[in-house]
Amino acid sequence: MQLDIIYNHNEVIVKNMEDFEPQHIFECGQSFRWNREIDGSYTGIAYKKILNVKKIDRDIIFKNTNKKEFNEIWMEYFDLNTDYKIIKKEISKDDPIMKKAIDFGNGIRILKQEPWETIASFIISANNNIPRIKKTVEILSENYGDYLGQYNDIDRYAFPDVKTIAGLTPEELKSSGIGYRASYIIKTAQMIVDEPIDLCKLQKLDIKKCEKSLLQYHGVGPKVAHCILFFCIGQMEAFPVDTWVKRVMEYFYFKEETKPKVIQEFATKKYGKYAGYAQQYLFYYARELNIGKK
DNA sequence: CCCCAGGCAGTTA
DNA sequence: TAACTGCCTGGG
């Protein structure tokens, strides 16, 4: 698979890109820092960079970037070297439900996100709703993140550094609307400052050991751990079971109340090394169509 | 207004 | 180790 890339001034275009639908990528719930603009493009922040993404016909236009940055950051971030056709085929064989879910979320790509931001964001996501998670992450960034400049006349801020958060008190953090998760985030930040995350090391561990090490963080349980495994460590057989996935799996496969752990083990067996992708298609499908909700 | 949200930690049996 | 409970906060 060879990408057809054009590098312009402050802009990179990938021609005839397969399996890339901005709306599905940014609104499938994997990331909390991308917002839709009036023209249908999305502006977001990652790795202390501001980027705008727009799809025109079959081309993807990446604005506010350049060749060097694109190759160093965004290629991997957008998982552009992965052929989603193979994944889709693998997880949907003999599974009409998964075929439907994939058809619905056809252009989803899994973003390779930063470890600390992913950990903190998904700690915040617990017992919370997506609009509020996004708002909290935004306020956190405005209050404690680096100022990155303006884009489309709006001030943009990076997600706060782990050291900054580690130095705060829960009382200070609570002004960001983070609620009782403030103490979780701070404790976890302090753990990470004391022992920085070694991504390479984590990637080499088998998923069980990797999960176990993540569960040591405060505010990280099985669901959040699997989100971290999948969205930033690259353990693609992870399978986060949240309320939506639980409901949709019960509705389609189990036909009865089933414990998250049972669902997760079932999915790992059923979908194998691409289980995480299956989870993301299912989650998006279920949430958008309200499947399984009473 | 009340209900609840992409769970988790802490506490009991 | 399984089951139960309370939880900041604000969107819907």
Side-chain angles (χ1 to χ4, degrees), chain A residues 24-36 101 104-105 108 110-111 113 117-140 142-143 165 168-191 208 211-232 238-252 256-265 267 275-294:
Chain A
H24 296 166
I25 293 171
F26 301 124
E27 296 187 19
C28 72
Q30 60 178 317
S31 173
F32 305 106
R33 294 224 68 194
W34 291 88
N35 293 300
R36 193 181 179 93
F104 182 81
I108 288 178
I110 301 305
L111 303 174
Q113 303 185 58
E117 179 176 339
T118 308
I119 292 169
S121 298
F122 281 95
I123 289 175
I124 294 167
S125 79
N127 194 23
N128 214 336
N129 59 54
I130 290 177
R132 214 170 78 81
I133 298 164
K134 287 184 75 169
K135 193 173 178 185
T136 302
V137 170
E138 208 53 50
I139 293 171
L140 262 186
E142 282 171 24
N143 288 349
I165 299 299
L168 298 172
T169 65
E171 290 69 31
E172 289 173 298
L173 243 197
K174 276 179 184 166
S175 67
S176 301
I178 195 170
Y180 62 86
R181 305 167 194 84
S183 59
Y184 300 165
I185 300 262
I186 291 169
K187 279 183 194 164
T188 296
Q190 288 166 348
M191 289 170 76
K208 279 282 169 199
E211 178 187 4
K212 204 174 169 187
S213 82
L214 293 173
L215 288 173
Q216 294 179 100
Y217 294 131
H218 223 71
V220 176
K223 189 271 176 182
V224 171
H226 274 253
C227 285
I228 300 164
L229 287 169
F230 186 51
F231 294 126
C232 86
F239 194 87
V241 180
D242 53 61
T243 54
W244 285 105
V245 170
K246 183 173 184 294
R247 282 200 290 248
V248 72
M249 292 292 284
E250 286 169 347
Y251 182 79
F252 283 128
E256 62 179 356
E257 175 94 34
T258 310
K259 285 177 209 156
K261 202 183 173 198
V262 175
I263 296 175
Q264 190 204 103
E265 283 166 358
Y277 294 93
Q279 184 270 357
Q280 203 58 35
Y281 289 116
L282 280 172
F283 173 77
Y284 187 55
Y285 186 52
R287 193 167 68 85
E288 295 294 307
L289 299 183
N290 254 310
I291 292 171
K293 194 166 181 181
K294 53 240 168 261

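All heavy atoms count here, side chains included; hydrogens, waters and symmetry mates do not. Here is the naming used below: chain letters follow the sequence lines, and residue numbers restart at 1 for every chain. Being a predicted model, the structure only gives us computed values, none of them experimental.
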Backbone N/O of A:H226 and side chain of A:E211: donor-acceptor pair under 3.5 Å:
no

Identify all pairs in which a protein N or O lies below 3.5 Å from an N or O of nucleotides 2-7 of chain C, and state each distance.
unit_1: C:dC7; atom_1: O2; unit_2: A:Y180; atom_2: OH; d: 3.4

Can you check whether A:T118's main-chain N or O pairs, donor with acceptor, with A:Q113's side chain at less than 3.5 Å?
no

From CZ of A:R287 over to P of B:dC4, roughly how many Å is that when rounded to an integer?
18 Å

Distance check needed: B:dC8 P versus A:K223 NZ, whole Å only.
7 Å

Between A:Y184 and A:Y217, is the ring centroid distance below 6.0 Å?
no

Can you label the angle between the A:W244 ring and the A:F283 ring as parallel, tilted or perpendicular, going by 30° and 60°?
perpendicular

Euclidean distance, atom CG of residue A:N128 to atom P of C:dC8 [Å, nearest integer]
13 Å

May I ask you to say what A:P222 touches in the nucleic acid, namely base, sugar-phosphate or nothing, with a heavy-atom cut-off under 4.0 Å?
sugar-phosphate

Classify the nucleic acid contact of A:V241 as base, sugar-phosphate or nothing, counting any heavy atom under 4.0 Å across all strands shown.
nothing

Can A:K223 and A:V241 be said to form a side chain to side chain contact (heavy atoms under 4.5 Å, CB included), step by step?
CA-CA 6 Å; A:K223 189 271 176 182; A:V241 180; 5.7 Å; no

5′-ward residue of the pair A:F122/A:Y217 relative to DNA chain B:
A:F122

Looking at A:T243, I'd like to know whether one of its side-chain N or O atoms comes within less than 4.0 Å of OP1 or OP2 on B:dG7.
yes

Within the structure shown, what part of the strands sits under 4.0 Å from A:Q30 by heavy-atom distance: base, sugar-phosphate, or nothing?
base

Answer with base, sugar-phosphate or nothing: what part of the nucleic acid does A:I133 contact at a heavy-atom distance below 4.0 Å?
nothing

Between A:F104 and A:Y284, is the gap from one ring center to the other below 6.0 Å?
yes

Is A:V245 touching bases, backbone alone, or none of the nucleic acid, heavy atoms closer than 4.0 Å?
nothing

Using 0.5 Å steps for rounding, measure from the CD1 atom of A:I186 to the CE atom of A:M191.
14.5 Å

Output the single nucleotide from B:dC8, C:dG11, C:dG10 whose closest atom is nearest the side chain of A:R132.
C:dG10

Rounded to the nearest Å, what distance is computed from the NZ atom of residue A:K246 to the C1' atom of nucleotide B:dC4?
16 Å

Among the nucleotides C:dG11, B:dA5, B:dG7, which one has an atom lying closest to any side-chain atom of A:K135?
C:dG11

Of all the base pairs, Watson-Crick or G-U under 3.5 Å, which form stems of three or more consecutive pairs involving DNA chain C?
B:2-5 with C:9-12, B:7-13 with C:1-7

Which whole-number value in Å describes the distance from A:N129 CG to C:dG10 P?
11 Å

What about the rings of A:F239 and A:F230, do their centers lie closer together than 6.0 Å?
no

Touch check for A:I178, heavy atoms < 4.0 angstrom, all strands: base, sugar-phosphate only, or nothing?
base

Hey, does A:N35 have a side-chain heavy atom less than 4.5 Å from the side chain of A:K134?
yes

Does this structure show an ion pair linking A:E117 with A:R33, if we count only N-O contacts that are shorter than 4.0 Å?
no

Which one, B:dG7, B:dG10, C:dG12, comes nearest to the side chain of A:H218?
B:dG10

Using whole Å, what does the distance between atom P of nucleotide B:dG7 and atom NE2 of A:H226 come to?
15 Å

